Amino acid sequence: MTHHSVFQDQDLTPETAEATLAKAMAGADDGELYLENSHSEHFVFDDGRLKSASYNTARGFGLRVVAGEATGYAHSDELTPESLTRAADAAGSAKRGQSGTWAEAPRQTNKRLYGDDDPVASPGFEDKIKLLQQIDSHIRGLDPQVVQATASLSAEQSTVEIMRPNGQLVHDVRPLCRIDIQVTVEKDGKRETAHAGGGGRGPYERWLESDVWQGMAAEALRQAQVNLEARPAPAGEMDVVLGPGWPGVLLHEAVGHGLEGDFNRKGTSAFSGKVGQRVAAPGVTVVDDGTLPDRRGSLTFDDEGTPTSRTVLIEDGILKGYMQDRQNARLMGVAATGNGRRESYAHAPMPRMTNTFMLGGDQDPEEILASLERGIFAANFGGGQVDITSGKFVFQCTEAYYVEKGKILYPVKGATLIGDGPTALTKITMIGNDMKLDPGVGVCGKAGQGVPVGVGQPTLKLAGLTVGGTA
């Protein structure tokens with residue numbers, strides 16, 4: 001497939017951009033010109049009708065000049081020589097008379113983690129609406145308890161080009177798609193809602209297979225019905241078993257952010273200065289891997305042009321290193337790991353996770369559950385909050401069960417898990433052999449920027465977590 005350059009049909013040429021960039025970067029340590037051309041669409045089908053359909057396009061550049069710890073950043077949605085010159089003047093002020101040592105360019109890569117198929121273009125508008133109608137009527141026919149159904153499709157295609165002052169130009173086309181299903185059920189005047197979905201980088205086809213979306217619909221219905229029978233959750237300190245897959249979002253929030261380079265360089269993370277030390281129970285290995293094919297958090301190269309990699313953060317409980325963008329890596333004297341990410345051309349990059357997960361162990365998930373004397377089995381999570389400095393977290397369980405003597409007694413509602421990441425890592429006592437990644441719906445927020453990510457883990461048992469409940 002022919003690559004359409006972001007420069008195509010614009011007043012700004014690659015030659016002019018390179019010359020302006022070279023001038024802006026003179027005396028700096030690092031920096032780049034990030035160009036982006038993207039289009040996206042979002043459909044919501046609710047209550048038997050198309051509730052909303054939106055289509056957006058965005059094109060622009062971001063120019064970054066890095067000198068020591070200072071960063072100058074300017075962006076524009078006009079690809080013209082004039083706007084680039086103004087941006088170069090503004091971003092260049094970060095140098096303030098410094099003369100830097102220009103950082104070595106990222107290595108090149110020939111790999112591609114996803115194809116060029118544009119999920120926005122195919123299937124067409126009519127087909128997508130027909131599919132949403134089909135999903136809607138399928139959900140309503142699943143069970144008489146279903147009172148409301150919502151289905152949505154989202155897709156985007158971004159063309160990204162990153163230019164460095166030596167003329168190096170890397171090009172990537174990044175597809176992303178997602179399907180979400182929400183089901184509300186009612187019984188004896190009580191209502192419960194649950195979601196299921198999936199997505200990744202690649203064409204829509206695999207998500208639009210009828211067995212795939214029917215599986216999502218069945219899962220959303222199952223979770224909603226479980227919660228209809230749920231009783232108030234008990235409160236107090238107890239052992240907790242976490243299910244595999246999406247519950248890895250707890251790991252992402254509780255320890256993932258604390259392992260990003262910027263917080264550790266500044267000494268504000270609970271993990272600062274602890275490389276080489278034991279920070280987790282034996283058997284705990286945590287990896288960030290941006291190289292997995294088609295995954296939501298995967299990229300051929302990051303938003304600074306560094307090829308993504310598999311970075312072992314914690315190995316058998318020992319802290320091995322952090323996720324690094326170029327600036328923090330240089331200041332800490334280590335290699336960039338391909339974790340420099342930005343939401344769009346209007347944002348400067350910073351160290352962020354890609355797909356972050358804990359590797360599996362050797363224990364049978366059923367044995368892990370059977371070992372729970374009294375506690376909570378948290379099969380699914382909603383949102384959570386974390387404080388980077390202390391690692392303290394609060395997570396809401398969307399599907400959880402009360403367990404006694406290894407037997408699930410009943411589902412519980414309103415359970416929250418409260419603790420801190422560094423301590424929670426040391427409280428892991430059993431690790432399942434069923435590691436799985438989430439279905440492809442993760443979005444991570446940091447400093448006001450959102451980026452797609454992946455999470456994952458095996459079934460885990462943690463000793464003595466605080467459970468917030470209402471019983």
Side-chain angles (χ1 to χ4, degrees), residues 34 36 38 40 42 56 58 62 71 73 75 152 154 156 158 174 176-178 180 195 197-201 245-266 268-271 286 288-290 295-299 302-304 308 313 322-325 327-328 337-357 380-398 416-421 424 437-457:
Y34 178 92
E36 179 186 8
S38 67
S40 62
H42 182 58
N56 291 299
T71 299
Y73 196 75
H75 63 89
S152 66
S154 312
E156 69 174 70
S158 292
R174 300 172 174 176
L176 189 65
C177 63
R178 177 172 168 174
D180 284 290
H195 307 253
R201 291 197 180 275
W246 177 248
V249 70
L250 179 98
L251 178 83
H252 167 102
E253 293 290 355
V255 307
H257 282 296
L259 295 172
E260 290 166 342
D262 47 357
F263 298 123
N264 288 285
R265 178 175 67 79
K266 293 167 187 168
T268 55
S269 164
F271 296 100
V286 179
D288 182 85
D289 193 344
R295 295 299 307 185
R296 193 171 162 80
S298 296
L299 297 165
D302 73 3
D303 296 327
E304 301 178 306
T308 52
L313 302 167
Y322 308 115
M323 290 166 275
Q324 299 287 7
D325 63 344
Q327 182 180 22
N328 288 285
T337 55
N339 288 89
R341 302 191 64 190
R342 60 182 107 203
E343 183 179 316
S344 75
Y345 70 85
H347 303 83
M350 54 181 148
R352 304 289 299 267
M353 287 173 267
T354 58
N355 305 296
T356 313
F357 49 93
N380 244 310
F381 278 132
Q385 289 87 38
V386 66
D387 177 296
I388 302 299
T389 308
S390 65
K392 285 191 168 64
F393 62 78
V394 179
F395 266 86
Q396 292 83 37
C397 302
T398 53
T416 55
L417 302 185
I418 302 160
D420 72 89
L437 295 167
D438 75 283
V441 294
V443 178
C444 169
K446 177 178 173 180
Q449 292 191 42
V451 295
V453 294
V455 300
Q457 68 173 40

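Just so you know, residue 1 is the first one in the sequence shown, and it goes up from there. The figures here come from the full heavy-atom set of this structure, side chains too, leaving out hydrogens, waters and symmetry mates. These numbers were taken from a predicted model, which means no experiment stands behind them.
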Open item on the list: Are L176 and P452 packed together at the side-chain level, in the sense that at least one heavy-atom pair is separated by less than 4.5 angstrom?
Closed with: yes

Task: Mutual orientation of the aromatic rings belonging to F381 and F395 [parallel < 30°, tilted 30-60°, perpendicular > 60°] - done: tilted

Open item on the list: For R174, is there an ion pair with D303 - N to carboxylate O distance below 4.0 angstrom?
Closed with: yes

- [ ] Report yes or no: do R295 and N355 form a side-chain donor-acceptor pair below 3.5 Å?
- [x] no

Task: Test item: R296 side-chain N/O and G442 main-chain N/O as donor-acceptor pair under 3.5 Å - done: yes

Task: Euclidean distance, D288 CG relative to T356 OG1, rounded to 0.5 Å - done: 4.0 Å

Task: Separation between NE2 of H257 and SG of C444, rounded to the nearest 0.5 Å - done: 3.5 Å

- [ ] Mind checking the CG-CD spacing from L437 to Q457? Nearest 0.5 Å is all I need.
- [x] 11.0 Å

TODO: Please examine the side chains of M353 and L313, heavy atoms only from C-beta on, and report whether any two atoms are closer than 4.5 Å.
DONE: no

Task: Spacing of H347 atom NE2 and R341 atom CZ [to the nearest 0.5 Å] - done: 13.0 Å

Task: Side-chain heavy atoms of Q324 within contact of N339, under 4.5 Å - done: no

TODO: Nearest 0.5 Å please: distance from the CD atom of E36 over to the OG atom of S158.
DONE: 5.0 Å

Open item on the list: Any heavy-atom pair between the side chains of H42 and S154 that's under 4.5 Å?
Closed with: yes

Task: Atom NZ of K446 with >12 non-hydrogen neighbours under 6.0 angstrom - done: yes

Open item on the list: Just so I know, are the side chains of C397 and L417 near enough to count as touching, which here means a heavy-atom distance under 4.5 Å?
Closed with: yes

